[in-house]
Structure formats: structure tokens, C-alpha cells
*Asks:* 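Take a look at the following structure, please.
Numbered from 1 within each chain, the chains take letters A, B, ... in sequence-line order.
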2 protein chains.
Amino acid sequence: MHRAVLAVTKPPIPDPRRTLTLRDVSEASGVSEMTVSRVLRNRGDVSEATREKVLEAARSLGYVPNKIAGALASQRVNLVGVIIPSLSNMVFPEVMTGISEVLEDTGLQPVVGVTNYSPDREESVLYEMLSWRPSGVIIAGLEHTEAAQAMLAQAGIPIVEIMDIDGTPVDSAVGISHRRAGRKMAEAIIAAGYRNIAFLGTMMPYDHRARKRLEGFEEALAKAGLALVDREFYSGGSALLKGREMTEAVLTRSPQVDFLYYSNDMIGAGGLLYCLHKGIDVPGRIGLAGFNGVELLDGLPRKLATMDACRLEIGRRAAEIIAGKRPNGVVGGEVIELFPTLQKGDTIRD
Amino acid sequence: MHRAVLAVTKPPIPDPRRTLTLRDVSEASGVSEMTVSRVLRNRGDVSEATREKVLEAARSLGYVPNKIAGALASQRVNLVGVIIPSLSNMVFPEVMTGISEVLEDTGLQPVVGVTNYSPDREESVLYEMLSWRPSGVIIAGLEHTEAAQAMLAQAGIPIVEIMDIDGTPVDSAVGISHRRAGRKMAEAIIAAGYRNIAFLGTMMPYDHRARKRLEGFEEALAKAGLALVDREFYSGGSALLKGREMTEAVLTRSPQVDFLYYSNDMIGAGGLLYCLHKGIDVPGRIGLAGFNGVELLDGLPRKLATMDACRLEIGRRAAEIIAGKRPNGVVGGEVIELFPTLQKGDTIRD
DNA sequence: ACTTTGGCTGTTACCGCTAACATATCGCAT
DNA sequence: ATGCGATATGTTAGCGGTAACAGCCAAAGT
């Protein structure tokens with residue numbers, strides 16, 4: 001009834017607060033909705049005169065196209081889901097930078113989801129994202145819940161698992177081998193003559209990459225007939241402060257320790273500041289190393305030994321895969337391994 | 001033609017890679033699409049038996065609802081646009097945490113856009129976001145391009161401008177007065193007896209909040225008959241390192257300086273490390289202060305004076321406004337001022 | 001003059017889901 | 001039985017765009 005009336009008598013006072021549609025622009029400019037659509041998307045041939053007219057109308061009305069409708073009709077969504085564990089350490093923002101850089105001129109747009117290292121949260125974030133039918137998904141790590149794995153496999157879009165390649169990806173993967181990274185660091189430390197080595201790191205049960213680094217590290221120690229002398233874990237709080245506290249704890253408990261291997265640069269920096277403050281000879285009496293190569297370290301009084309995680313490059317490569325910028329083997333399923341370089345800094349003796 | 005055929009003969013071998021729709025679940029479970037829809041959204045009465053049947057079917061098929069279609073049909077989108085300048089300093093991630101916390105149990109989901117402090121980029125990010133018809137927008141700062149202002153005003157959804165309240169918001173605002181913050185810091189510094197004060201900060205022409213802090217700061221200096229003795233700006237690079245370098249530059253150029261006011265904690269920390277390294281008496285010979293209250297500072301050898309920017313709280317309050325969790329004055333247009341507290345730390349003498 | 005061509009614009013039928021309403025079903029008081 | 005309310009399920013008509021195709025018309029070809 002209501003509608004029937006409407007169909008005959010146009011609503012005389014169109015609610016000014018109602019959101020605009022193509023029809024409004026179409027009426028304002030005297031062409032069909034289709035033509036307006038074409039103008040606004042720069043698609044198909046439209047005469048210059050019409051184009052001007054339409055753009056002017058759209059501008060003056062303040063029309064913002066409805067991508068929801070557009071996406072539904074065209075079955076195309078210019079969104080790329082990016083699922084990462086955290087934003088509060090320096091590592092993922094840098095990955096994001098790499099992703100954005102590449103996506104910038106592809107018309108694709110990253111949408112970030114944060115999981116706080118929780119597999120369940122990851123699963124639900126993923127579900128939420130997939131329900132918006134993105135053009136691709138970039139997700140940190142190779143470990144996911146079974147359901148998440150299934151969703152990724154079923155999604156029918158390119159999936160890139162990033163950061164880590166020690167495992168089997170669902171589709172494509174870009175990252176480094178954390179096991180190898182741990183191993184290499186251990187080898188360098190041993191080569192420098194340190195023998196009483198301690199590990200200090202996060203306790204988070206789901207930080208698989210830190211775990212793998214430690215595994216690789218211990219593996220290499222074992223091969224040299226060594227074992228960790230001590231270990232200390234933390235969770236939450238200011239990483240810099242934790243590094244300081246843990247270092248004190250370890251050095252008090254195990255005075256024979258001559259090397260401290262940290263699972264990330266931030267706690268490593270805390271440890272370094274502590275040692276310097278205590279007047280400990282670094283790297284003579286004690287050596288230190290972290291992981292990541294965060295920019296922050298450049299400002300420290302002494303450069304912490306670390307290993308670059310190739311974060312920017314990982315972001316770039318992952319985005320390139322999603323954007324289809326590569327020798328198209330339609331199947332996907334590409335694994336790109338990057339190789340971090342060891343930076344000895346000033347905290348491992350030569 | 002093609003379609004006519006389809007209408008009669010169901011496609012016999014449904015492409016296994018085609019994405020599933022409600023219809024698939026409906027057929028698999030023998031009820032109407034509408035009932036499936038109801039089950040999956042927990043809306044309306046559905047018998048327990050049917051519910052089970054449907055959920056089982058959906059699960060076994062691996063069905064993921066299409067929110068695009070859902071949003072279009074229901075005219076409801078559970079997304080909140082969050083537009084911020086950067087992710088690579090600690091401040092916005094913390095705001096995000098506050099936002100996520102509150103949104104968590106409202107069914108709303110934050111979607112982040114990053115502008116890199118570029119007004120044009122902000123405008124286009126905003127346009128992009130609005131085209132997805134979010135339920136609300138949280139955007140950093142009060143300064144936007146004219147077009148962006150217009151879009152925000154027209155959008156017909158709650159808008160919250162955050163971080164800053166020195167200006168006129170489009171709708172609601174949650175933040176602190178950076179002018180007042182600068183003023184208060186100056187007053188504390190003067191009260192402590194420092195007289196030869198230098199400013200070290202970012203050069204970014206669009207960091208309006210840093211600018212306002214400096215304005216407030218100088219205002220208070222002027223009131224006490226003082227003026228900045230020196231100033232130094234930077235852009236890009238590792239903030240910690242820049243802080244170190246700038247500090248060296250200033251102290252070399254203006255040896256009479258007895259206080260260094262930094263526009264953020266990160267460069268302040270760099271300056272502090274430099275001074276300690278040089279054996280300068282802090283806060284006796286030279287005092288230092290930053291801004292933000294970042295967690296990082298807890299790990300420093302000495303606590304830098306700073307002023308908390310209430311980031312977490314800002315995020316929370318903004319999200320609450322969007323979520324409608326407050327004495328509903330439908331009009332919106334609420335301004336919430338938060339008051340940062342001065343933390344003198346160990347770098348301003350008593 | 002009569003097609004042909006190609007540029008420009010309009011028409012139609014959906015995209016996958018949900019609001020609103022219609023209908024069926026059942027138990028139970030009357 | 002009859003009617004009624006409450007519960008459970010189905011039907012219809014879009015949401016606001018776009019793909020695909022159809023139509024129109026002036027310039028060009030023969």
C-alpha cells in the first residue's frame with residue numbers, strides 16, 4: 001500500500017538526512033543510473049559533456065558510492081584481509097608498511113585484524129573477514145585452528161601465510177626459517193667463544209616463531225655439546241623493563257653466564273641498558289643478542305647484536321602475491337623464503 | 001537463454017569451488033533460506049530440532065555467510081572506521097586497544113585506516129571507508145580537508161574526533177587540550193627553576209597536536225617573561241637516534257641550555273640516554289621532559305618526565321560514544337575533555 | 001540513399017541476503 | 001468442535017549497485 005503510493009507520487013520532500021544513492025545523482029544530472037555508475041568508476045565510454053555533468057552533480061550532492069551494493073553486484077571486493085597477532089611491538093606495523101606500499105597502486109585495500117596471539121580469536125577474526133569476501137588474505141604464521149585451516153583452504157581466494165616457513169602452508173607463504181635463524185645465531189655465539197649461554201624470552205605459548213627460534217638455537221648448542229645454562233620467561237608489561245628485570249634475575253641466579261640470548265630486541269635492549277648501567281664489560285664479560293633488527297636499536301648507546309626478520313620485504317612479497325604481480329602460476333602455492341642477516345653489532349665479541 | 005535453461009534444469013554438477021550461499025545450506029538441511037538465515041543470526045524463533053539440523057549442515061559445508069549481501073539487505077553494517085595517522089609510534093596502537101576493548105562485546109568491529117599524517121590521504125581513506133557505510137567513524141584530530149569535513153558532516157553516522165579538543169568538532173570529540181598540556185609542562189619547568197629552555201621535536205607540518213603543545217608551551221614561557229633559547233626539528237628515522245643527535249646538536253650550539261623539552265617520549269628517551277652517556281648531571285645541570293607516557297620509559301635507567309596523553313581512555317570513550325553507551329542525547333555532539341597528569345619522573349629537579 | 005560502424009546511453013536481470021508479512025501447526029480453553 | 005494465541009516456517013519484495021546486452025544516432029563507407 002505504502003509502496004504503491006510511493007510509486008506514483010514521488011516523495012515530495014526527500015529526507016535530507018537519507019543517504020544518497022545513484023538514483024539521486026542520476027536525477028540531478030538527467031542521465032540514467034547506469035551512466036552515472038560508469039562515470040564514477042571510469043568504466044566504459046562516456047562523453048566528456050556527460051562526465052562533467054555527472055561529476056558536478058555527484059560532487060555538489062556529496063554523493064559517496066555504496067560499495068556494499070557495488071560489491072554484491074559485481075562480485076568483486078577490493079579488500080585484502082591482514083591478520084596479525086599484535087600491533088604493539090614494532091614488527092607488524094613494519095610488515096603493514098610493506099603491504100600498503102605494494103597495494104597502494106593496485107586498487108586493493110588492506111584491512112587489519114588483530115588476534116593477540118589467541119588461536120580462537122584468530123579463528124573468529126578470520127571468519128569475520130571472510131564473510132566480507134575479500135580478494136585475498138594475508139595471515140601471520142602457519143599454525144591455526146583446524147577450523148581456520150579449513151576456512152582458508154575453502155575460501156577460494158589467494159592466501160599468504162607470512163613470517164614463518166617452517167611448516168606447511170595452506171596456499172602460499174613468505175617468511176624466514178626461524179629455526180635456522182636460531183641455529184645461525186647459536187653458531188655465531190659459539191664461534192665467538194661464549195660457552196655459558198642463557199635464554200630470555202616470552203612465555204606466550206602461542207608465539208610459535210619465538211619457540212622455533214629457541215628450538216633451532218638449542219639444536220645448534222647441542223651439536224656443539226652445549227646446553228642452555230639458564231632460561232627466564234616473561235609475559236606482559238613493558239618489554240624494556242622486563243628485559244632489565246630478567247637480566248638481573250639471570251645474572252644473580254647464574255653468575256657464570258657469559259651470554260644472554262633474548263627472544264626479541266626490546267627485552268634485549270633492556271638487558272643491554274642494565275649491563276651498561278652495572279658497568280659489566282659487554283661484550284667481553286657478557287655478550288648479548290636479540291632478534292628482529294628494530295629501528296629503535298640504532299639509538300642505543302651500543303648496538304645490540306640481532307638478526308633482521310625481513311619484515312618490510314615479507315609484507316611486500318605477500319602483497320605482490322595477492323595482487324597477482326608475478327609469473328602467474330594460477331595455482332598459487334608459492335613459498336618464498338627470505339634469509340635474515342646476522343648483525344653482530346657491538347655485543348658479540350669478534 | 002542460458003538463464004532460462006538454468007531456471008528449469010538445476011545445474012547437475014554444482015561447481016565445488018563456487019562459494020556457498022544460503023541456498024546451499026537451505027537445500028542441505030531441507031528448510032527455507034529464511035529459516036537458515038534466522039538460525040545463523042540467532043534471530044526469531046526456530047525450533048531446537050531445526051536449529052541443530054541447520055547448524056550441522058552449515059558446519060559440514062563450511063558455509064561462511066556473505067555479509068555484503070546481509071548488510072545491503074538489512075541496511076546495517078557492524079563496522080566502525082578508525083582513521084589514524086600512523087601505527088609506528090606507540091600511541092595509536094594503545095588507542096586501538098581501548099577501542100577494541102569496548103567494541104568487543106557490542107558486535108561492532110573496528111576497521112583501521114592509516115593516513116601517514118597526510119590530509120589528502122586522510123580524505124581518500126575516509127571516502128573509502130564511508131563507501132562501506134560503517135556505523136560510525138573515529139578519526140584522529142580536528143583538522144581535516146574541507147571535503148573531509150563535509151563528508152563527515154553529511155555521513156549521517158556518529159563521528160568522534162579523538163586526541164585533541166582544541167578546536168571545533170564536527171560531531172563528538174574525546175581528547176585532551178594539547179595547548180594546556182604544553183602550558184602546564186612549561187609552568188612546572190619554570191617552577192623548578194630552569195630558565196634556558198630548548199624545544200626538540202618533529203617537523204611534520206601536519207602534526208597539529210605537537211604544534212599546539214609547543215604553542216601552549218611558549219605561551220606560558222612568555223607569560224613568565226621567557227622565550228625558547230633554541231629549537232631543533234627532525235623528520236623520519238629512528239626516533240631514539242634522532243633524539244640523541246638533536247640533543248647533541250642543541251647542547252653543542254647552545255651550551256647555556258638547562259632544559260630540553262621534547263615533543264615525544266621516544267626522542268626524549270634518546271636525549272636522556274645521550275645525557276647519561278655524557279655524564280651530564282640530570283636533572284641538576286639539565287632537565288628533560290617528553291610527552292605521552294609510553295610504557296617504554298619504564299625500562300629506562302632514569303624515568304623521563306612526561307605527561308600521559310590518556311590514550312587508552314580516549315579509545316574507550318570514543319568507542320563508547322559510537323556504541324551508544326551513554327545517556328542518549330540523540331544529537332551527539334558531545335565533547336569529552338580528559339586531563340593528562342604530569343609525571344615528573346627523575347628528570348625535573350624538585 | 002542505405003548500410004555499417006562505433007561511440008554513447010538505456011534496460012533488464014540479477015548479486016545473496018533480510019524485513020515484513022503471510023501461512024501453517026499445535027495445544028488448549030471454551 | 002471451534003476458535004485462539006503462540007510458535008514455527010515460508011513467501012515476497014526489495015537493498016543499491018553492476019554485467020550484459022540492446023538501442024540509438026551521427027559520421028563514414030559504398
*Asks:* Given atom CG of A/Asn78 and atom P of D/dG17, what is their separation to the nearest angstrom?
*Replies:*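 Rounding to the nearest Å, CG of A/Asn78 and P of D/dG17 are 15 Å apart.
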
*Asks:* I want to check something: taking the side chain as every heavy atom from C-beta on, are B/Tyr206 and B/Ser118 in contact at a cut-off of under 4.5 Å?
*Replies:*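 The answer is no; the side chains never approach within 4.5 Å.
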
*Asks:* Just N and O in the side chain of A/Thr50: are any of them under 4.0 Å from OP1 or OP2 of C/dC8?
*Replies:* no

*Asks:* Just verifying a value: how many Å separate A/Leu79 CG and B/Ile68 CD1, rounded to the nearest 0.5 Å?
*Replies:*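 Between A/Leu79 CG and B/Ile68 CD1, I get 8.0 Å after rounding to 0.5 Å.
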
*Asks:* Kindly indicate whether the side chain of A/Val174, heavy atoms from C-beta on, has any atom under 4.5 Å from the side chain of A/Arg316.
*Replies:*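 SC-SC contact between A/Val174 and A/Arg316 ruled out.
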
*Asks:* Starting at atom CD1 of B/Ile68, determine the distance to atom C1' of D/dC15, rounded to an integer number of angstrom.
*Replies:*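 Spelled out: CD1 on B/Ile68 to C1' on D/dC15 is 14 Å.
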
*Asks:* Is the phosphate of C/dG16 approached by A/Gln75 (side-chain N or O, under 4.0 Å from OP1 or OP2)?
*Replies:*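 Indeed, a polar side-chain atom of A/Gln75 lies that close.
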
*Asks:* Just the rounded figure in Å: distance from C1' of C/dT9 to CD of A/Glu33.
*Replies:* 13 Å

*Asks:* Whether B/Tyr63 contacts C/dC17 is assessed here as follows: a side-chain N or O lying under 4.0 Å from the phosphate OP1 or OP2. Is that the case?
*Replies:*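 Result: yes.
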
*Asks:* With the side chain of A/Ser47 defined as its heavy atoms from C-beta on, choose the nearest nucleotide among C/dT9, D/dT11, C/dT18.
*Replies:* C/dT9

*Asks:* Could you pick out which residue, B/Val46 or B/Leu72, lies toward the 5' side of DNA chain D when each is mapped onto its nearest nucleotide?
*Replies:* B/Val46

*Asks:* Provide, to the nearest angstrom, the distance between the CG atom belonging to B/Asp45 and the C1' atom belonging to D/dG10.
*Replies:*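 Distance, rounded to whole Å: 15 Å.
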
*Asks:* Please determine if A/Glu56 and A/Arg59 form a salt bridge, counting it only when a charged side-chain N lies under 4.0 Å from a carboxylate O.
*Replies:* yes

*Asks:* Give a yes/no on whether any side-chain N or O of B/Thr21 is located under 4.0 angstrom from OP1 or OP2 of C/dG16.
*Replies:* no

*Asks:* Let me know the distance between CD of A/Glu27 and P of D/dG17, rounded to the nearest Å.
*Replies:*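 Rounded to whole Å, this separation is 13 Å.
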
*Asks:* Which heavy-atom pair separates A/Asp164 from A/Leu142 by the least distance, and what is that distance?
*Replies:* O-CD1, 3.5 Å

*Asks:* Can you tell me the distance, in whole Å, between the CG atom of A/Asn42 and the P atom of D/dT18?
*Replies:* 12 Å

*Asks:* Quick one, B/Leu55 with B/Leu40, criterion side chain to side chain contact (heavy atoms under 4.5 Å, CB included). Give me CA distance, side-chain angles, the key distance, then yes/no.
*Replies:* CA-CA 7 Å; B/Leu55 284 178; B/Leu40 296 178; 4.1 Å; yes

*Asks:* So, OP1 or OP2 of D/dG10: does either fall under 4.0 Å of a side-chain N or O from B/Thr35?
*Replies:*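 Yes, such a contact exists.
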
*Asks:* Atom CG of A/Leu20 and atom C1' of D/dC15: how far apart are they, to the nearest Å?
*Replies:*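 About 16 Å, once rounded to whole Å.
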
*Asks:* Please check: side-chain N/O of A/Ser135 versus main-chain N/O of A/Val77, any donor-acceptor pairing under 3.5 Å?
*Replies:*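 Answer holds: yes.
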
*Asks:* Produce a footprint string for nucleotides 19-25 of chain C: one letter per nucleotide, 5' end first; B if the base is under 4.0 Å from any protein heavy atom, S if only the sugar-phosphate is, - if neither.
*Replies:* BB-----

*Asks:* C/dG10 C1' sits how many Å from A/Leu22 CG, rounded?
*Replies:*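 From A/Leu22 CG to C/dG10 C1': 14 Å.
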
